[in-house]
Protein chains: 2
Amino acid sequence: MKNERTPTVNAGALASVGRSRPRQRTSDRVYEELASAIRNVRLPPGASLSETDLAEQLHVSRTPLREAIARLVETGLVSVVPQVGTRVELIRLHDVEQARFVRENLESAAFATACEKPERDISGLRAILAEQRRYVEVHDLDAFFAADEALHARIFNISGYPGAWQIMQPMKMHLDRLRRLSLPDPDTVLGLIEEHTAIVDALEAGDVLGGRAHIRRHARRALDNGPALQAQYPGYFTE
Amino acid sequence: MKNERTPTVNAGALASVGRSRPRQRTSDRVYEELASAIRNVRLPPGASLSETDLAEQLHVSRTPLREAIARLVETGLVSVVPQVGTRVELIRLHDVEQARFVRENLESAAFATACEKPERDISGLRAILAEQRRYVEVHDLDAFFAADEALHARIFNISGYPGAWQIMQPMKMHLDRLRRLSLPDPDTVLGLIEEHTAIVDALEAGDVLGGRAHIRRHARRALDNGPALQAQYPGYFTE
DNA sequence: GCTGGTCGACTTGTATGCAAGGATTCCGAA
DNA sequence: TTCGGAATCCTTGCATACAAGTCGACCAGC
(Lines give C-alpha, C1' and ligand atoms only; values in the text may rest on other atoms or scores of the structure.)
Protein backbone atom coordinates (compact mmCIF):
# COMPACT_ATOMS: atom_id res chain seq x y z
CA MET A 1 0.00 0.00 0.00
CA LYS A 2 1.68 3.18 -1.19
CA ASN A 3 1.22 6.45 0.64
CA GLU A 4 -2.14 7.76 -0.43
CA ARG A 5 -2.68 10.85 1.65
CA THR A 6 -5.52 12.14 -0.46
CA PRO A 7 -6.81 9.24 -2.49
CA THR A 8 -8.51 10.50 -5.62
CA VAL A 9 -10.83 7.55 -5.55
CA ASN A 10 -12.42 7.53 -2.12
CA ALA A 11 -14.69 4.62 -1.37
CA GLY A 12 -17.96 5.87 0.08
CA ALA A 13 -19.23 9.41 -0.13
CA LEU A 14 -18.67 11.29 3.10
CA ALA A 15 -21.77 13.10 4.27
CA SER A 16 -20.19 14.68 7.32
CA VAL A 17 -18.87 18.17 6.79
CA GLY A 18 -15.76 17.69 8.88
CA ARG A 19 -14.20 20.23 11.20
CA SER A 20 -12.87 23.03 9.09
CA ARG A 21 -9.64 23.74 10.90
CA PRO A 22 -7.67 20.57 11.05
CA ARG A 23 -8.05 18.72 7.80
CA GLN A 24 -10.04 15.68 8.82
CA ARG A 25 -7.80 12.92 9.99
CA THR A 26 -7.93 9.53 8.37
CA SER A 27 -8.72 8.12 11.77
CA ASP A 28 -11.79 10.34 12.06
CA ARG A 29 -13.00 9.51 8.60
CA VAL A 30 -12.70 5.81 9.29
CA TYR A 31 -14.52 6.22 12.59
CA GLU A 32 -17.44 8.06 11.00
CA GLU A 33 -17.60 5.50 8.26
CA LEU A 34 -17.69 2.53 10.61
CA ALA A 35 -20.04 4.12 13.14
CA SER A 36 -22.47 5.04 10.39
CA ALA A 37 -22.31 1.56 8.92
CA ILE A 38 -22.99 -0.02 12.29
CA ARG A 39 -25.87 2.30 13.09
CA ASN A 40 -27.51 1.65 9.73
CA VAL A 41 -27.00 -2.05 10.33
CA ARG A 42 -25.06 -2.24 7.10
CA LEU A 43 -22.46 -3.81 9.32
CA PRO A 44 -24.82 -6.16 11.15
CA PRO A 45 -24.47 -7.15 14.80
CA GLY A 46 -22.03 -10.01 15.11
CA ALA A 47 -20.12 -9.18 11.95
CA SER A 48 -16.45 -9.87 12.39
CA LEU A 49 -14.03 -7.14 11.42
CA SER A 50 -10.56 -8.12 10.35
CA GLU A 51 -8.13 -5.26 10.81
CA THR A 52 -6.03 -6.17 7.83
CA ASP A 53 -9.00 -6.70 5.54
CA LEU A 54 -10.74 -3.52 6.65
CA ALA A 55 -7.55 -1.52 6.28
CA GLU A 56 -7.20 -2.75 2.72
CA GLN A 57 -10.83 -2.04 1.86
CA LEU A 58 -10.66 1.49 3.23
CA HIS A 59 -7.24 2.14 1.74
CA VAL A 60 -5.67 3.04 5.05
CA SER A 61 -3.06 1.44 7.20
CA ARG A 62 -3.89 -0.42 10.38
CA THR A 63 -2.79 2.39 12.68
CA PRO A 64 -5.60 4.89 12.07
CA LEU A 65 -8.03 2.01 11.71
CA ARG A 66 -7.06 0.73 15.12
CA GLU A 67 -7.57 4.15 16.66
CA ALA A 68 -11.03 4.30 15.15
CA ILE A 69 -11.76 0.85 16.53
CA ALA A 70 -10.52 1.93 19.95
CA ARG A 71 -13.10 4.71 19.92
CA LEU A 72 -15.82 2.32 18.80
CA VAL A 73 -14.91 0.03 21.67
CA GLU A 74 -15.20 2.98 24.02
CA THR A 75 -18.78 3.55 22.93
CA GLY A 76 -19.50 -0.15 23.19
CA LEU A 77 -20.29 -0.71 19.53
CA VAL A 78 -17.61 -3.28 18.89
CA SER A 79 -15.70 -5.66 21.11
CA VAL A 80 -12.21 -6.89 20.52
CA VAL A 81 -10.73 -10.00 22.10
CA PRO A 82 -6.95 -9.74 21.98
CA GLN A 83 -5.73 -12.62 19.91
CA VAL A 84 -9.09 -13.79 18.64
CA GLY A 85 -10.93 -11.14 16.70
CA THR A 86 -12.99 -7.98 16.51
CA ARG A 87 -16.73 -8.07 16.09
CA VAL A 88 -19.69 -5.74 16.01
CA GLU A 89 -21.43 -6.08 19.34
CA LEU A 90 -24.71 -7.97 19.38
CA ILE A 91 -27.83 -6.18 20.52
CA ARG A 92 -28.65 -6.84 24.14
CA LEU A 93 -32.25 -6.03 24.88
CA HIS A 94 -31.25 -5.52 28.50
CA ASP A 95 -28.88 -2.76 27.49
CA VAL A 96 -31.49 -1.28 25.19
CA GLU A 97 -33.88 -1.16 28.12
CA GLN A 98 -31.29 0.72 30.14
CA ALA A 99 -30.89 3.17 27.29
CA ARG A 100 -34.65 3.51 27.07
CA PHE A 101 -34.78 4.45 30.75
CA VAL A 102 -32.14 7.11 30.23
CA ARG A 103 -33.72 8.53 27.12
CA GLU A 104 -37.25 8.55 28.43
CA ASN A 105 -36.34 10.37 31.60
CA LEU A 106 -33.98 12.88 30.05
CA GLU A 107 -36.31 13.72 27.22
CA SER A 108 -39.19 13.99 29.65
CA ALA A 109 -37.23 16.38 31.81
CA ALA A 110 -36.09 18.39 28.82
CA PHE A 111 -39.66 18.62 27.60
CA ALA A 112 -40.86 19.89 30.94
CA THR A 113 -38.11 22.49 30.97
CA ALA A 114 -38.91 23.53 27.42
CA CYS A 115 -42.56 24.02 28.35
CA GLU A 116 -41.48 26.64 30.87
CA LYS A 117 -39.78 28.73 28.22
CA PRO A 118 -42.23 31.42 27.20
CA GLU A 119 -40.24 32.25 24.06
CA ARG A 120 -40.22 28.68 22.74
CA ASP A 121 -40.34 28.57 18.96
CA ILE A 122 -42.32 25.70 17.50
CA SER A 123 -42.03 26.61 13.82
CA GLY A 124 -38.81 24.68 13.34
CA LEU A 125 -40.42 21.58 14.79
CA ARG A 126 -43.40 21.94 12.49
CA ALA A 127 -41.07 22.19 9.54
CA ILE A 128 -39.33 18.98 10.52
CA LEU A 129 -42.66 17.22 10.89
CA ALA A 130 -43.64 18.24 7.35
CA GLU A 131 -40.26 17.11 6.13
CA GLN A 132 -40.74 13.74 7.73
CA ARG A 133 -44.09 13.23 6.07
CA ARG A 134 -42.45 13.88 2.73
CA TYR A 135 -39.73 11.35 3.43
CA VAL A 136 -42.35 8.76 4.23
CA GLU A 137 -44.04 9.33 0.90
CA VAL A 138 -40.84 8.72 -1.00
CA HIS A 139 -39.87 5.86 1.31
CA ASP A 140 -36.53 7.40 2.27
CA LEU A 141 -35.99 5.70 5.60
CA ASP A 142 -32.53 7.08 6.24
CA ALA A 143 -33.68 10.65 5.75
CA PHE A 144 -36.69 9.96 7.93
CA PHE A 145 -34.39 8.65 10.60
CA ALA A 146 -32.16 11.71 10.39
CA ALA A 147 -35.15 14.03 10.65
CA ASP A 148 -36.34 12.11 13.68
CA GLU A 149 -33.00 12.80 15.32
CA ALA A 150 -33.17 16.46 14.39
CA LEU A 151 -36.59 16.85 15.92
CA HIS A 152 -35.60 15.42 19.26
CA ALA A 153 -32.36 17.38 19.26
CA ARG A 154 -34.37 20.54 18.71
CA ILE A 155 -36.50 19.86 21.74
CA PHE A 156 -33.36 19.61 23.83
CA ASN A 157 -32.13 22.82 22.29
CA ILE A 158 -35.29 24.63 23.26
CA SER A 159 -35.01 23.30 26.79
CA GLY A 160 -31.59 24.88 27.12
CA TYR A 161 -29.86 21.55 27.61
CA PRO A 162 -28.50 20.61 24.19
CA GLY A 163 -25.56 18.98 25.95
CA ALA A 164 -27.86 16.38 27.45
CA TRP A 165 -28.74 15.24 23.94
CA GLN A 166 -25.09 15.15 22.97
CA ILE A 167 -24.26 13.15 26.04
CA MET A 168 -26.80 10.53 25.11
CA GLN A 169 -25.45 9.98 21.63
CA PRO A 170 -23.03 7.12 22.30
CA MET A 171 -25.56 5.29 24.39
CA LYS A 172 -28.33 5.95 21.93
CA MET A 173 -26.48 4.11 19.18
CA HIS A 174 -27.66 0.85 20.71
CA LEU A 175 -31.23 2.03 20.76
CA ASP A 176 -30.85 3.33 17.23
CA ARG A 177 -29.95 -0.02 15.78
CA LEU A 178 -33.16 -1.46 17.11
CA ARG A 179 -35.16 1.48 15.85
CA ARG A 180 -33.52 1.20 12.46
CA LEU A 181 -34.49 -2.45 12.27
CA SER A 182 -38.11 -1.70 13.09
CA LEU A 183 -38.36 1.15 10.60
CA PRO A 184 -39.40 -0.88 7.55
CA ASP A 185 -42.75 -1.51 9.22
CA PRO A 186 -45.19 1.10 7.84
CA ASP A 187 -47.35 1.10 10.96
CA THR A 188 -44.30 1.93 13.03
CA VAL A 189 -43.43 4.91 10.88
CA LEU A 190 -46.97 6.28 10.94
CA GLY A 191 -47.14 5.79 14.68
CA LEU A 192 -43.89 7.69 15.10
CA ILE A 193 -45.17 10.66 13.15
CA GLU A 194 -48.40 10.65 15.08
CA GLU A 195 -46.51 10.69 18.36
CA HIS A 196 -44.18 13.39 17.15
CA THR A 197 -47.13 15.54 16.24
CA ALA A 198 -48.71 14.96 19.61
CA ILE A 199 -45.48 15.92 21.37
CA VAL A 200 -45.10 19.11 19.39
CA ASP A 201 -48.72 20.00 20.00
CA ALA A 202 -48.26 19.46 23.71
CA LEU A 203 -45.16 21.62 23.69
CA GLU A 204 -47.00 24.41 21.94
CA ALA A 205 -49.84 24.19 24.43
CA GLY A 206 -47.47 23.91 27.36
CA ASP A 207 -49.13 20.66 28.37
CA VAL A 208 -46.39 19.11 30.48
CA LEU A 209 -48.24 16.03 31.65
CA GLY A 210 -49.70 15.21 28.26
CA GLY A 211 -46.37 15.66 26.52
CA ARG A 212 -44.59 13.43 29.02
CA ALA A 213 -47.10 10.70 28.40
CA HIS A 214 -46.52 10.88 24.66
CA ILE A 215 -42.76 10.90 25.14
CA ARG A 216 -43.03 7.90 27.36
CA ARG A 217 -45.03 6.03 24.75
CA HIS A 218 -42.64 7.17 22.05
CA ALA A 219 -39.59 5.98 23.91
CA ARG A 220 -41.07 2.57 24.64
CA ARG A 221 -42.21 1.91 21.11
CA ALA A 222 -38.83 0.74 19.87
CA LEU A 223 -38.47 -1.62 22.77
CA ASP A 224 -41.94 -3.04 22.21
CA ASN A 225 -40.83 -4.29 18.83
CA GLY A 226 -37.80 -5.92 20.46
CA PRO A 227 -39.06 -9.47 20.87
CA ALA A 228 -40.56 -9.55 17.37
CA LEU A 229 -37.32 -8.29 15.85
CA GLN A 230 -35.39 -10.80 17.90
CA ALA A 231 -37.51 -13.54 16.38
CA GLN A 232 -36.93 -12.11 12.93
CA TYR A 233 -33.18 -11.62 13.28
CA PRO A 234 -32.13 -14.13 15.93
CA GLY A 235 -28.45 -13.83 15.06
CA TYR A 236 -28.39 -10.13 15.87
CA PHE A 237 -29.30 -10.55 19.53
CA THR A 238 -27.84 -12.10 22.63
CA GLU A 239 -29.11 -12.98 26.09
CA MET B 1 12.96 1.17 24.85
CA LYS B 2 13.24 -2.60 25.08
CA ASN B 3 10.19 -4.83 24.96
CA GLU B 4 8.70 -4.83 28.42
CA ARG B 5 5.55 -6.85 28.06
CA THR B 6 4.93 -7.20 31.78
CA PRO B 7 6.96 -4.56 33.55
CA THR B 8 7.88 -5.71 37.03
CA VAL B 9 7.79 -2.16 38.29
CA ASN B 10 4.38 -0.80 37.50
CA ALA B 11 3.92 2.84 38.33
CA GLY B 12 0.65 3.38 40.17
CA ALA B 13 -1.42 0.70 41.80
CA LEU B 14 -4.41 -0.21 39.69
CA ALA B 15 -7.62 -0.23 41.65
CA SER B 16 -9.78 -1.56 38.86
CA VAL B 17 -10.22 -5.29 38.80
CA GLY B 18 -9.81 -5.57 35.06
CA ARG B 19 -11.53 -8.08 32.85
CA SER B 20 -10.28 -11.46 33.93
CA ARG B 21 -10.05 -13.08 30.52
CA PRO B 22 -7.74 -11.07 28.36
CA ARG B 23 -4.68 -10.01 30.33
CA GLN B 24 -5.03 -6.26 30.54
CA ARG B 25 -3.64 -4.55 27.50
CA THR B 26 -1.02 -1.85 27.81
CA SER B 27 -3.44 0.50 26.10
CA ASP B 28 -6.06 -0.15 28.79
CA ARG B 29 -3.59 0.34 31.60
CA VAL B 30 -2.47 3.65 30.15
CA TYR B 31 -6.06 4.75 29.70
CA GLU B 32 -6.96 3.98 33.30
CA GLU B 33 -3.85 5.73 34.49
CA LEU B 34 -4.51 8.89 32.53
CA ALA B 35 -8.25 8.97 33.20
CA SER B 36 -7.64 8.56 36.92
CA ALA B 37 -4.98 11.27 36.90
CA ILE B 38 -7.29 13.66 35.11
CA ARG B 39 -10.22 12.93 37.38
CA ASN B 40 -8.13 13.46 40.50
CA VAL B 41 -6.83 16.67 38.95
CA ARG B 42 -3.32 15.37 39.29
CA LEU B 43 -3.17 16.19 35.61
CA PRO B 44 -4.79 19.61 35.88
CA PRO B 45 -7.05 21.14 33.25
CA GLY B 46 -5.00 22.75 30.55
CA ALA B 47 -1.95 20.57 31.11
CA SER B 48 -0.24 19.80 27.85
CA LEU B 49 0.58 16.19 27.12
CA SER B 50 3.49 15.40 24.89
CA GLU B 51 3.10 11.96 23.35
CA THR B 52 6.82 11.27 23.29
CA ASP B 53 7.37 12.46 26.85
CA LEU B 54 4.35 10.60 28.19
CA ALA B 55 5.35 7.44 26.37
CA GLU B 56 8.77 7.61 27.95
CA GLN B 57 7.40 8.29 31.44
CA LEU B 58 4.96 5.39 31.24
CA HIS B 59 7.51 3.08 29.62
CA VAL B 60 5.34 2.34 26.62
CA SER B 61 5.58 3.19 22.97
CA ARG B 62 3.48 5.84 21.34
CA THR B 63 1.08 3.39 19.73
CA PRO B 64 -0.83 2.19 22.82
CA LEU B 65 -0.54 5.65 24.29
CA ARG B 66 -2.20 7.13 21.24
CA GLU B 67 -5.02 4.61 21.45
CA ALA B 68 -5.59 5.57 25.06
CA ILE B 69 -5.60 9.23 24.06
CA ALA B 70 -8.10 8.51 21.30
CA ARG B 71 -10.45 7.08 23.92
CA LEU B 72 -9.91 10.07 26.18
CA VAL B 73 -10.76 12.36 23.29
CA GLU B 74 -13.92 10.35 22.74
CA THR B 75 -15.03 11.06 26.30
CA GLY B 76 -14.06 14.71 25.93
CA LEU B 77 -11.36 14.74 28.57
CA VAL B 78 -8.53 15.79 26.32
CA SER B 79 -8.35 17.58 23.01
CA VAL B 80 -5.73 17.13 20.39
CA VAL B 81 -4.96 19.61 17.63
CA PRO B 82 -3.19 17.81 14.79
CA GLN B 83 0.20 19.35 14.47
CA VAL B 84 0.06 21.50 17.56
CA GLY B 85 -0.41 19.55 20.72
CA THR B 86 -2.52 17.55 23.13
CA ARG B 87 -3.93 19.03 26.29
CA VAL B 88 -6.28 18.20 29.12
CA GLU B 89 -9.59 19.93 28.45
CA LEU B 90 -10.41 22.93 30.57
CA ILE B 91 -13.51 22.84 32.74
CA ARG B 92 -16.49 24.52 31.12
CA LEU B 93 -19.11 25.38 33.69
CA HIS B 94 -21.67 25.29 30.91
CA ASP B 95 -20.84 21.65 30.23
CA VAL B 96 -20.88 20.90 33.93
CA GLU B 97 -24.36 22.36 34.13
CA GLN B 98 -25.47 20.06 31.32
CA ALA B 99 -24.01 17.12 33.20
CA ARG B 100 -25.77 18.28 36.33
CA PHE B 101 -29.08 18.25 34.49
CA VAL B 102 -28.47 14.71 33.30
CA ARG B 103 -27.35 13.42 36.63
CA GLU B 104 -30.06 15.08 38.66
CA ASN B 105 -32.85 13.77 36.47
CA LEU B 106 -31.51 10.26 36.05
CA GLU B 107 -30.73 9.86 39.71
CA SER B 108 -34.09 11.26 40.61
CA ALA B 109 -35.83 8.79 38.31
CA ALA B 110 -33.74 5.91 39.60
CA PHE B 111 -34.57 6.87 43.15
CA ALA B 112 -38.28 6.93 42.42
CA THR B 113 -38.02 3.52 40.80
CA ALA B 114 -36.04 2.16 43.72
CA CYS B 115 -38.69 3.36 46.13
CA GLU B 116 -41.20 1.13 44.39
CA LYS B 117 -39.14 -1.97 45.04
CA PRO B 118 -40.58 -3.63 48.12
CA GLU B 119 -37.51 -5.80 48.58
CA ARG B 120 -35.02 -2.91 48.58
CA ASP B 121 -32.07 -3.57 50.86
CA ILE B 122 -30.73 -0.53 52.66
CA SER B 123 -28.06 -2.24 54.75
CA GLY B 124 -25.39 -1.88 52.10
CA LEU B 125 -26.07 1.82 51.85
CA ARG B 126 -25.83 2.20 55.61
CA ALA B 127 -22.50 0.42 55.56
CA ILE B 128 -21.16 2.80 52.95
CA LEU B 129 -22.35 5.77 54.98
CA ALA B 130 -20.46 4.51 58.02
CA GLU B 131 -17.44 3.92 55.85
CA GLN B 132 -17.57 7.47 54.57
CA ARG B 133 -17.66 8.91 58.07
CA ARG B 134 -14.52 6.97 58.88
CA TYR B 135 -12.76 8.30 55.79
CA VAL B 136 -13.61 11.83 56.82
CA GLU B 137 -12.03 11.28 60.22
CA VAL B 138 -8.76 10.16 58.68
CA HIS B 139 -8.98 12.81 55.96
CA ASP B 140 -8.76 10.30 53.11
CA LEU B 141 -10.44 12.31 50.39
CA ASP B 142 -9.85 9.84 47.60
CA ALA B 143 -11.42 7.00 49.56
CA PHE B 144 -14.30 9.28 50.48
CA PHE B 145 -14.78 10.10 46.84
CA ALA B 146 -14.77 6.43 45.86
CA ALA B 147 -17.32 5.60 48.56
CA ASP B 148 -19.49 8.43 47.31
CA GLU B 149 -19.47 6.83 43.88
CA ALA B 150 -20.26 3.44 45.33
CA LEU B 151 -23.26 4.77 47.21
CA HIS B 152 -24.83 6.34 44.18
CA ALA B 153 -24.06 3.32 42.05
CA ARG B 154 -25.84 1.18 44.60
CA ILE B 155 -28.98 3.25 44.37
CA PHE B 156 -29.01 2.68 40.63
CA ASN B 157 -28.49 -1.00 41.26
CA ILE B 158 -31.49 -1.15 43.54
CA SER B 159 -33.59 0.66 40.96
CA GLY B 160 -32.86 -2.03 38.44
CA TYR B 161 -31.07 0.36 36.10
CA PRO B 162 -27.37 -0.08 36.82
CA GLY B 163 -26.70 0.58 33.15
CA ALA B 164 -27.94 4.13 33.53
CA TRP B 165 -25.15 4.74 36.02
CA GLN B 166 -22.61 3.18 33.70
CA ILE B 167 -23.84 5.30 30.84
CA MET B 168 -23.30 8.44 32.84
CA GLN B 169 -19.70 7.66 33.70
CA PRO B 170 -17.93 9.40 30.81
CA MET B 171 -20.06 12.50 31.17
CA LYS B 172 -19.73 12.49 34.91
CA MET B 173 -15.96 12.82 34.67
CA HIS B 174 -16.41 16.51 34.00
CA LEU B 175 -18.62 16.91 37.03
CA ASP B 176 -16.19 14.86 39.07
CA ARG B 177 -13.30 17.19 38.48
CA LEU B 178 -15.29 20.03 39.92
CA ARG B 179 -16.42 17.93 42.84
CA ARG B 180 -12.87 16.82 43.48
CA LEU B 181 -11.73 20.43 43.58
CA SER B 182 -14.39 21.35 46.10
CA LEU B 183 -13.69 18.38 48.34
CA PRO B 184 -10.96 19.95 50.50
CA ASP B 185 -13.61 22.20 52.04
CA PRO B 186 -14.73 20.54 55.33
CA ASP B 187 -18.20 22.06 55.19
CA THR B 188 -18.71 20.55 51.77
CA VAL B 189 -17.80 17.10 52.98
CA LEU B 190 -20.07 17.30 56.01
CA GLY B 191 -22.89 18.58 53.86
CA LEU B 192 -22.43 15.69 51.45
CA ILE B 193 -22.69 13.14 54.24
CA GLU B 194 -25.75 14.84 55.63
CA GLU B 195 -27.44 14.73 52.25
CA HIS B 196 -26.45 11.14 51.71
CA THR B 197 -28.00 10.21 55.01
CA ALA B 198 -31.18 12.05 54.14
CA ILE B 199 -31.39 10.28 50.79
CA VAL B 200 -30.92 6.87 52.32
CA ASP B 201 -33.48 7.64 55.01
CA ALA B 202 -35.97 8.71 52.36
CA LEU B 203 -35.32 5.56 50.39
CA GLU B 204 -35.93 3.43 53.45
CA ALA B 205 -39.16 5.28 54.17
CA GLY B 206 -40.22 5.20 50.54
CA ASP B 207 -40.50 8.98 50.57
CA VAL B 208 -40.22 9.73 46.87
CA LEU B 209 -40.79 13.47 46.98
CA GLY B 210 -38.50 14.06 49.93
CA GLY B 211 -35.74 11.97 48.42
CA ARG B 212 -35.97 13.75 45.10
CA ALA B 213 -35.59 17.08 46.85
CA HIS B 214 -32.46 15.88 48.61
CA ILE B 215 -31.04 14.48 45.39
CA ARG B 216 -31.73 17.75 43.67
CA ARG B 217 -29.88 19.65 46.38
CA HIS B 218 -27.09 17.12 46.32
CA ALA B 219 -26.61 17.37 42.57
CA ARG B 220 -26.53 21.14 42.60
CA ARG B 221 -24.04 21.45 45.41
CA ALA B 222 -21.00 20.90 43.23
CA LEU B 223 -22.16 23.50 40.76
CA ASP B 224 -22.81 26.01 43.51
CA ASN B 225 -19.13 25.98 44.33
CA GLY B 226 -18.32 26.55 40.66
CA PRO B 227 -17.83 30.32 40.66
CA ALA B 228 -15.78 30.25 43.84
CA LEU B 229 -13.54 27.52 42.46
CA GLN B 230 -13.21 29.41 39.21
CA ALA B 231 -11.94 32.39 41.18
CA GLN B 232 -9.54 30.15 43.05
CA TYR B 233 -8.21 28.29 40.02
CA PRO B 234 -8.80 30.66 37.10
CA GLY B 235 -6.46 28.75 34.81
CA TYR B 236 -8.58 25.60 35.09
CA PHE B 237 -11.69 27.10 33.55
CA THR B 238 -12.78 28.56 30.26
CA GLU B 239 -15.70 30.61 29.02
C1' DG C 1 14.81 49.69 17.21
C1' DC C 2 11.75 47.28 14.32
C1' DT C 3 10.22 44.21 10.89
C1' DG C 4 10.41 40.38 7.78
C1' DG C 5 12.03 35.95 6.51
C1' DT C 6 14.21 31.64 7.15
C1' DC C 7 15.66 27.83 9.66
C1' DG C 8 15.02 24.53 13.14
C1' DA C 9 12.99 22.10 16.92
C1' DC C 10 8.90 20.38 18.21
C1' DT C 11 4.25 18.50 17.55
C1' DT C 12 0.98 14.75 15.87
C1' DG C 13 -0.31 11.46 11.78
C1' DT C 14 0.65 7.34 9.24
C1' DA C 15 2.89 3.17 7.56
C1' DT C 16 5.21 -0.97 8.37
C1' DG C 17 7.59 -4.82 10.67
C1' DC C 18 7.67 -8.06 14.12
C1' DA C 19 6.03 -10.59 18.27
C1' DA C 20 2.71 -13.32 20.83
C1' DG C 21 -1.21 -16.01 21.29
C1' DG C 22 -5.45 -18.52 19.88
C1' DA C 23 -8.07 -21.52 16.58
C1' DT C 24 -8.42 -24.57 13.09
C1' DT C 25 -6.87 -28.11 10.26
C1' DC C 26 -4.55 -31.99 9.03
C1' DC C 27 -2.07 -36.04 9.84
C1' DG C 28 -0.84 -40.05 12.41
C1' DA C 29 -1.66 -43.52 15.72
C1' DA C 30 -4.68 -46.36 18.47
C1' DT D 1 -13.48 -44.53 13.10
C1' DT D 2 -11.94 -41.72 16.61
C1' DC D 3 -8.92 -39.24 19.31
C1' DG D 4 -4.70 -36.65 20.14
C1' DG D 5 -1.13 -33.60 18.90
C1' DA D 6 1.52 -30.60 16.25
C1' DA D 7 2.05 -27.24 12.78
C1' DT D 8 0.34 -23.50 10.32
C1' DC D 9 -2.59 -19.65 9.58
C1' DC D 10 -4.79 -15.79 11.31
C1' DT D 11 -5.80 -12.70 14.76
C1' DT D 12 -4.53 -8.47 17.51
C1' DG D 13 -0.70 -5.85 20.33
C1' DC D 14 3.37 -3.16 20.31
C1' DA D 15 7.46 -0.68 18.73
C1' DT D 16 9.74 2.05 15.52
C1' DA D 17 10.69 4.85 11.34
C1' DC D 18 9.29 8.37 8.57
C1' DA D 19 6.25 12.16 6.86
C1' DA D 20 3.97 16.54 7.30
C1' DG D 21 2.81 20.57 9.52
C1' DT D 22 3.08 24.35 13.04
C1' DC D 23 5.23 27.47 16.06
C1' DG D 24 8.98 30.02 17.74
C1' DA D 25 13.43 31.85 17.82
C1' DC D 26 17.04 33.98 15.71
C1' DC D 27 19.22 36.79 12.41
C1' DA D 28 19.58 39.98 8.60
C1' DG D 29 18.09 44.04 6.49
C1' DC D 30 15.87 48.41 6.74
Side-chain angles (χ1 to χ4, degrees), chain A residues 1-8 10-11 18-34 43 46-74 77-89, chain B residues 1-8 10-11 18-34 43 46-74 77-89:
Chain A
M1 203 64 51
K2 276 72 63 188
N3 286 8
E4 304 183 11
R5 301 222 112 225
T6 50
T8 47
N10 189 341
R19 290 81 177 177
S20 53
R21 283 306 174 68
R23 165 184 104 284
Q24 191 161 32
R25 304 190 265 282
T26 305
S27 162
D28 290 346
R29 184 172 61 83
V30 170
Y31 174 81
E32 300 288 348
E33 191 111 1
L34 290 179
L43 274 177
S48 81
L49 310 174
S50 165
E51 290 186 1
T52 50
D53 291 357
L54 258 182
E56 193 170 348
Q57 288 180 29
L58 299 176
H59 298 88
V60 299
S61 83
R62 281 182 56 214
T63 308
L65 173 64
R66 277 178 60 79
E67 292 187 7
I69 289 179
R71 293 167 61 187
L72 290 170
V73 169
E74 191 64 17
L77 263 60
V78 312
S79 77
V80 32
V81 184
Q83 261 67 21
V84 177
T86 305
R87 338 173 47 92
V88 178
E89 281 270 349
Chain B
M1 202 66 49
K2 276 73 62 188
N3 288 7
E4 303 183 15
R5 299 222 115 223
T6 50
T8 46
N10 187 342
R19 290 80 176 180
S20 51
R21 283 306 172 69
R23 164 184 104 284
Q24 191 159 32
R25 302 189 267 279
T26 305
S27 161
D28 290 345
R29 184 172 61 82
V30 170
Y31 174 81
E32 300 287 348
E33 192 111 1
L34 290 178
L43 275 177
S48 79
L49 309 174
S50 165
E51 290 187 0
T52 50
D53 291 357
L54 257 182
E56 192 170 349
Q57 287 179 29
L58 299 175
H59 297 87
V60 300
S61 85
R62 280 181 58 213
T63 307
L65 172 63
R66 277 180 61 81
E67 293 187 7
I69 289 179
R71 293 168 62 188
L72 290 170
V73 169
E74 191 64 16
L77 262 62
V78 312
S79 77
V80 33
V81 183
Q83 259 68 23
V84 177
T86 305
R87 29 185 53 239
V88 178
E89 281 270 350

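So that the names make sense, note that chain A is the first sequence line, chain B the second, and so on, each numbered from 1.
- Taking CZ from R29(B) and CZ from R25(B), the interatomic distance works out to 13.5 Å, rounded to the nearest 0.5 Å.
- Under the rule for a side-chain hydrogen bond (donor to acceptor under 3.5 Å, both in side chains), the partners of R62(B) that lie at least two apart in sequence or sit in another chain are E51(B).
- To the nearest angstrom, C1' of dA20(D) lies 14 Å from CD of E51(B).
- Contact check, S61(A) against dT16(C): no side-chain N or O comes under 4.0 Å of OP1 or OP2.
- Atom CD of E67(A) and atom C1' of dG13(C) are 8 Å apart (whole Å).
- In this entry the distance linking CD of E56(B) with P of dA15(D) reads 13 Å, nearest Å.
- For D28(A) and dT12(C), the CG to C1' distance is 13 Å, given to the nearest whole Å.
- For Y31(B) and E67(B), the side-chain atoms include no donor-acceptor pair closer than 3.5 Å.
- Among the nucleotides dC14(D), dT11(C), dT14(C), the one closest to any side-chain atom of P64(A) is dT14(C).
- Between D53(A) atom CG and dT12(D) atom P there is a gap of 9 Å when expressed in whole angstrom units.
- Across the protein-nucleic acid pair, Q24(B) atom CD and dG13(D) atom C1' stand 14 Å apart, rounded to whole Å.
- S50(A) meets the side-chain contact (heavy atoms from CB on, under 4.5 Å) test with T52(A), D53(A); sequence neighbours excluded.
- Out of dA15(D), dA20(D), dG21(C), the shortest distance to the side chain of Q83(A) is found at dG21(C).
- Of the two residues contacting DNA chain D, namely V84(A) and T63(A), the nearest-nucleotide position lying further toward the 5' end is that of V84(A).
- Remark: P of dG13(D) and NE2 of H59(B) are 23 Å apart, rounded to the nearest angstrom.
- When the nucleotides dT12(D), dT11(C), dT16(D) are ranked by their closest atom to the side chain of R62(A), dT12(D) comes out on top.
- At least one side-chain nitrogen or oxygen of T86(A) sits closer than 4.0 Å to the OP1 or OP2 atom of dT12(D).
- Along DNA chain C, the nucleotide nearest S50(B) and the nucleotide nearest S27(A) are compared for position; the residue whose nucleotide lies closer to the 5' end is S50(B).
- Residue L49(B) is classed as a sugar-phosphate contact, given heavy-atom separations below 4.0 Å to backbone atoms only.
- Side-chain atoms of R71(A) do not come within 3.5 Å of backbone N or O of R71(B) as any donor-acceptor pair.
- For Y31(B) and dG13(D), the OH to P distance is 17 Å, given to the nearest whole Å.
- The listed nucleotides are dG13(C), dT12(D), dA15(C); the one nearest the side chain of R66(A) is dT12(D).
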